[in-house]
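The structure appears right after this line, and notes come after that.
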Number of protein chains: 2
Amino acid sequence: MKIGELAKIAHCTTETIRFYEKEGLLPEAERTEANYRSYSARHVERLRFIRNCRALDMTHDEIRALLRLTDAPADGCGGINTLIDEHIAHVDTRIDELKQLKAQLTTLREQCHGEQAVEDCGIVQGLTEMDVGATRARHTHLG
Amino acid sequence: MKIGELAKIAHCTTETIRFYEKEGLLPEAERTEANYRSYSARHVERLRFIRNCRALDMTHDEIRALLRLTDAPADGCGGINTLIDEHIAHVDTRIDELKQLKAQLTTLREQCHGEQAVEDCGIVQGLTEMDVGATRARHTHLG
DNA sequence: TAAACACCTTGAAGCCACTACAAGGTCAAG
DNA sequence: CTTGACCTTGTAGTGGCTTCAAGGTGTTTA
């Protein structure tokens with residue numbers, strides 16, 4: 001199977017696949033005589049795993065850790081559970097942050113109703129006068 | 001006022017301020033004889049505005065648009081309202097996405113309870129077998 | 001047989017909003 | 001006169017790709 005076919009199966013681009021190879025997420029493929037990458041069913045499985053993890057917003061580091069854990073069958077799946085739990089915590093944190101953000105934005109938005117002059121616009125005043133304090137530390141890799 | 005003092009007031013680093021200048025968000029400062037940047041109250045106000053927008057997770061493009069709108073007092077604040085409304089919509093979209101994500105992760109997590117072998121781990125199976133389909137288009141710049 | 005076209009190769013640069021670092025200049029205090 | 005805090009410029013790194021350039025390969029059609 002050539003790279004384009006694999007890309008279609010995995011719903012991603014050929015560039016992404018080559019990028020995963022360079023990152024060490026996907027093992028290198030065999031090559032044809034023409035130096036084309038040639039993929040097997042194991043690559044399909046691995047790539048699907050990676051894409052699913054990405055769809056769940058895991059970082060490449062998290063995915064690498066997960067792949068290492070699944071490739072070490074001796075260890076059982078305790079480590080896997082922990083990793084997923086931590087990732088769920090990231091998502092939770094980010095949801096809370098965004099809810100707070102929305103509350104702030106909604107409050108700001110309510111400062112201005114009509115088509116008044118910019119000088120009197122409560123939004124502009126709010127944005128100028130707010131003092132948000134130090135940037136809060138990041139508790140999640142989710143943007 | 002030198003750059004370090006401004007950075008303290010605005011709760012950011014000197015590098016960030018120089019970066020905003022290069023980006024065209026913050027107007028260039030006067031220079032002292034020693035070629036140090038020298039800032040005025042107007043810079044303080046502008047930088048605070050920018051940092052507040054960033055604290056609300058606006059992109060530099062959104063901030064630039066907002067600054068242009070506030071600098072054109074003739075136009076009233078309709079455009080400003082629209083921009084904020086759109087930004088709130090971004091945040092809402094992202095919250096919904098993350099909630100869905102959490103639901104998926106929670107379902108996945110429930111596939112595995114104990115310390116079984118990796119081969120039988122429902123999480124690993126889930127990650128291998130899910131087929132998440134095409135990556136959904138981004139409706140928000142929020143990560 | 002040749003041209004057109006789809007596919008493949010590598011490598012480098014761009015995206016965003018910074019952050020970090022290197023190598024040096026300026027200035028006040030001890 | 002040295003220490004140390006501050007300033008200057010420029011470059012490179014972050015993550016997860018995406019885009020581009022310049023070319024090689026392989027199949028189909030005229």
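Reckoned from all heavy atoms, side chains included, excluding hydrogens, waters and symmetry mates. Just so we're on the same page: letters track the sequence lines, and every chain starts at 1.
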In whole Å, I'd like the distance from the [atom1] atom of [X] to the [atom2] atom of [N].
{"X": "B:Arg64", "N": "C:dA17", "atom1": "CZ", "atom2": "C1'", "result": "11 Å"}
{"X": "A:Tyr39", "N": "C:dT9", "atom1": "OH", "atom2": "C1'", "result": "12 Å"}
{"X": "A:Glu5", "N": "C:dA6", "atom1": "CD", "atom2": "P", "result": "18 Å"}
{"X": "A:Tyr36", "N": "C:dC7", "atom1": "OH", "atom2": "C1'", "result": "6 Å"}
{"X": "B:Asn35", "N": "C:dT26", "atom1": "CG", "atom2": "C1'", "result": "11 Å"}
{"X": "A:Ile17", "N": "D:dC17", "atom1": "CD1", "atom2": "P", "result": "12 Å"}
{"X": "A:Met58", "N": "D:dG15", "atom1": "CE", "atom2": "C1'", "result": "17 Å"}
{"X": "A:Phe19", "N": "C:dG11", "atom1": "CZ", "atom2": "C1'", "result": "14 Å"}

Subject >> Stretch residues 41-50 of chain B: residues that reach within less than 4.0 Å of DNA chain D through a heavy atom >> reply: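 Hits under 4.0 Å, by residue number: none.
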**OP:** Verify the distance criterion only: is there a donor paired with an acceptor across the side chains of A:Tyr39 and A:Arg46 at less than 3.5 Å?
**Re:**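 Result is no, nothing qualifies.
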Original post:
With a 3.5 Å cut-off and no angle check, do the side chains of A:Thr93 and A:His90 form a donor-acceptor pair?
Top reply: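 No, because no side-chain N or O of A:Thr93 sits under 3.5 Å from a partner of the opposite role on A:His90.
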Subject >> Along DNA chain D (nearest heavy atom to each residue), the more 5'-positioned of B:Ile3 and B:Lys22 >> reply: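 Nearest nucleotide further toward 5': that of B:Ile3.
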Original post:
For DNA chain D, whose closest nucleotide is more 5', that of A:Thr32 or that of A:Glu15?
Top reply: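 Its nucleotide being nearer the 5' end, the pick is A:Glu15.
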Original post:
Where each residue is assigned the nucleotide of DNA chain C containing its nearest heavy atom, which of B:Ala34 and A:Lys2 is assigned the position nearer the 5′ end?
Top reply: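 Per heavy-atom nearest nucleotide, the more 5' residue is A:Lys2.
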Phosphate OP1/OP2 of [N] contacted by [X] side-chain N/O (<4.0 Å):
{"X": "A:His60", "N": "D:dC17", "answer": "yes"}
{"X": "A:Arg37", "N": "C:dC7", "answer": "no"}
{"X": "A:Thr13", "N": "D:dC17", "answer": "no"}
{"X": "B:Thr16", "N": "C:dT19", "answer": "yes"}

Subject >> A:Gln125 CD: over 12 foreign heavy atoms closer than 6.0 Å >> reply: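 Atom CD in A:Gln125 is packed in, count exceeds 12.
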Original post:
Considering residues, nucleotides and ligands other than A:Arg31, do more than 12 of their heavy atoms fall under 6.0 Å from its CZ?
Top reply: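 Counting neighbours around CZ of A:Arg31, more than 12 heavy atoms of other residues, nucleotides or ligands fall under 6.0 Å, so yes.
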Original post:
Choosing from D:dT8, C:dC8, C:dA17, which nucleotide comes nearest the side chain of B:Arg31?
Top reply: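 Among D:dT8, C:dC8, C:dA17, the one nearest the side chain of B:Arg31 is D:dT8.
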Subject >> Selected nucleotide, minimal atom distance to A:Arg54 side chain, candidates D:dC17, C:dT9, C:dC18 >> reply: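 Of D:dC17, C:dT9, C:dC18, D:dC17 is nearest to the side chain of A:Arg54.
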**OP:** Could you tell me whether a side-chain N or O of A:Gln111 sits under 3.5 Å from a main-chain N or O of A:Thr107, the two making a donor and an acceptor?
**Re:**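 Between the backbone of A:Thr107 and the side chain of A:Gln111 there is a qualifying donor-acceptor contact (under 3.5 Å).
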**OP:** Determine, for A:Asp71 against A:Arg68, whether the closest basic-nitrogen to carboxylate-oxygen distance falls under 4.0 angstrom.
**Re:**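 Not counted as a salt bridge, because no side-chain N and carboxylate O are separated by less than 4.0 Å.
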Original post:
Can A:Glu97 and A:Arg94 be counted as an ion pair, charged N to O under 4.0 angstrom?
Top reply: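 Answer for the salt bridge query: yes.
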Original post:
Is B:Arg18 touching bases, backbone alone, or none of the nucleic acid, heavy atoms closer than 4.0 Å?
Top reply: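 Base: the residue B:Arg18, judged by heavy atoms under 4.0 Å, touches a nucleobase.
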Original post:
Are any of the side-chain heavy atoms of A:Met58 and A:Asn52 separated by less than 4.5 Å?
Top reply: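 Heavy-atom side-chain distance check fails, nothing below 4.5 Å.
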Original post:
Less than 3.5 Å between a donor and an acceptor, one on the side chain of A:Tyr20 and one on the base of D:dG16, is that the case here?
Top reply: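 No.
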